[in-house]
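Below is one structure, written out as structure tokens; the observations come after it.
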Amino acid sequence: MHNEDYIRQKDIRVGDTVTIEKAGEVIPAVVDVVLTKRMGNEVPFRFPTQCPECGSKVAKAAGQAEGDEGAVWRCVNPDCPAQVRGRIEHWCARGAMDIEGGGEVLSRQLVKSGLVRDVADLYSLKLSDVANLERMGEKSAQNFLDGVEASKKRDVWRVLYGLGILHVGAGVAKALGRGFGTLDDVFASSVDQLTDCEDVGEVIARSVVQWHGDKRNRELIERLRKAGMNFKSELFQPKAQAGPFSAKPSCSLAHCRI
């Protein structure tokens, strides 16, 4: 329901009764509108032109296909509190850095209190900072900080995914981890070099290059480095070096003359 084009295509209106089916394993998908249930007072949904959190303009980011405008409206303000909370929560998620206790409630409190402005701030938190938050005892706070410390040793693909780079999901992050030995190697690569990786297209590669081209993001990486974050990939699969015999089939002992 975040896709404006889909909503228009299906003519889904506020107040409609709809048919829903399970898409994949979890996601509920709206299949169609039950027109016989319409009462006549249903109205089309209008997407906001401003962020409801910070009042900044919203825009559609590029999609994954060349020339695709994209389907999702996003706030363009990187300092929007909702975006900051979302980045912290995403970083702590089980599929990313897997930091216990770093869910929506704690992320909201950390941002609201001013303790955390970005994911690097998590690594300078003290026990007293977290324990003094509402509904956070010392034990829960310590468990969270232990999770933060443990996340420093996670594989680099989790870091890539956790950074929330547009179009870089867990699958793409793993592909980059297989193609490059370190995070620095990923960000030092050109669009053409990045697209050599399986599952990494030009739009994704440009998104990675553009993300690292932002000074704030480069500073974030350096702060994570100083915090002791692992930037090496355990998934790295070096390509075989070309040599004089690389294109020739190997011989069996039965066909070799000694």
Side-chain angles (χ1 to χ4, degrees), residues 1-112 134-135 158 161-175 199-204 206-207 210-211:
M1 300 301 290
H2 63 278
N3 187 323
E4 182 179 19
D5 297 331
Y6 186 84
I7 291 174
R8 287 181 176 176
Q9 178 187 351
K10 297 287 185 178
D11 189 26
I12 304 169
R13 305 180 185 181
V14 178
D16 268 334
T17 299
V18 297
T19 304
I20 294 178
E21 68 179 16
K22 186 169 67 172
E25 297 182 0
V26 178
I27 302 173
V30 178
V31 179
D32 53 36
V33 176
V34 183
L35 296 177
T36 57
K37 295 285 188 178
R38 277 191 173 168
M39 305 297 292
N41 57 351
E42 296 81 6
V43 295
F45 178 73
R46 304 296 181 189
F47 274 72
T49 58
Q50 292 181 315
C51 172
E53 180 86 18
C54 69
S56 299
K57 292 183 179 180
V58 296
K60 281 186 176 180
Q64 293 201 34
E66 189 66 32
D68 183 7
E69 183 185 38
V72 182
W73 287 99
R74 291 182 170 88
C75 172
V76 299
N77 175 19
D79 295 319
C80 172
Q83 285 204 50
V84 176
R85 293 195 304 267
R87 287 194 289 267
I88 301 301
E89 186 178 350
H90 175 70
W91 177 266
C92 294
R94 181 175 299 178
M97 303 310 293
D98 194 16
I99 300 175
E100 180 184 351
E104 180 181 356
V105 174
L106 182 57
S107 297
R108 181 178 293 274
Q109 290 190 76
L110 289 171
V111 174
K112 184 177 180 180
E134 185 179 354
R135 292 182 293 179
R158 290 182 176 272
Y161 176 51
L163 289 171
I165 303 171
L166 186 62
H167 303 316
V168 178
V172 170
K174 290 178 181 178
D199 298 329
V200 179
E202 185 174 347
V203 171
I204 295 174
R206 290 190 183 280
S207 181
Q210 183 178 11
W211 187 91

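The basis for the numbers below is simple: all heavy atoms, side chains too, and nothing from hydrogens, waters or symmetry mates.
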Exercise. Taking C-beta and beyond as the side chain, do Val203 and His167 meet within less than 4.5 Å on heavy atoms?
Worked result: yes
Exercise. Looking at Ala175 and Val200, what are the two nearest heavy atoms and their distance?
Worked result: CB-CG2, 4.4 Å
For this session: Would you name the heavy atoms of Gly102 and Ser107 that are closest together and state the gap between them?
Result: O-OG, 3.5 Å
Exercise. What closest approach, in Å, do Asp199 and Ile204 show between heavy atoms, and which atom pair accounts for it?
Worked result: O-CD1, 3.8 Å
Seminar exercise, completed: One should read off an interatomic distance between Glu89 CD and Ile99 CD1, to the nearest 0.5 angstrom, of 12.0 Å
Exercise. Has the side chain of Arg158 got a donor or acceptor atom that lies under 3.5 Å from a matching backbone atom of Ala96?
Worked result: yes
Problem set entry | Approximate separation, where rounding is to 0.5 Å, of Ile20 CD1 and Asp32 CG | 10.5 Å
For this session: Return yes if some donor-acceptor pair links the side-chain N/O of Arg38 with the main-chain N/O of Val33 below 3.5 Å, else return no.
Result: no
For this session: Using a strict 4.0 Å threshold on nitrogen-to-oxygen distance, state whether Lys10 and Asp16 make a salt bridge.
Result: no
For this session: Would you mind reporting whether Ile7 and Phe47 have side-chain heavy atoms less than 4.5 Å apart?
Result: yes
Problem set entry | Neighbour count >12 (heavy atoms, 6.0 Å) for atom CD1, Ile27 | no
For this session: Identify which one of Glu104, Gln109, His90, Glu53 satisfies the side-chain hydrogen bond (donor to acceptor under 3.5 Å, both in side chains) criterion when paired with Arg85.
Result: Glu53
Exercise. What distance separates Ile12 CD1 from Phe45 CZ, expressed to the nearest 0.5 Å?
Worked result: 12.0 Å
For this session: Starting at CD of Gln50, measure out to NZ of Lys57 and round the result to the nearest 0.5 Å.
Result: 8.5 Å
Problem set entry | Where Val84 and Pro78 come nearest, the two heavy atoms and their spacing | CG2-O, 4.1 Å
For this session: Check for a donor-acceptor pair, side chain of Gln83 on one end and backbone N or O of Cys75 on the other, with a separation under 3.5 Å.
Result: yes
Exercise. Closest heavy-atom contact between Glu42 and Arg13?
Worked result: CB-CB, 3.9 Å
For this session: Check whether any side-chain heavy atom of Gln210 sits under 4.5 Å from a side-chain heavy atom of Leu166, and report yes or no.
Result: no
Exercise. Going through the distances and angles, do Glu134 and Lys112 end up as a salt bridge (Lys or Arg N to Asp or Glu O under 4.0 Å)?
Worked result: CA-CA 11 Å; Glu134 185 179 354; Lys112 184 177 180 180; over 6 Å; no
Problem set entry | Closest non-hydrogen atom pair between Val76 and Ala59, with its separation | CG1-CB, 3.8 Å
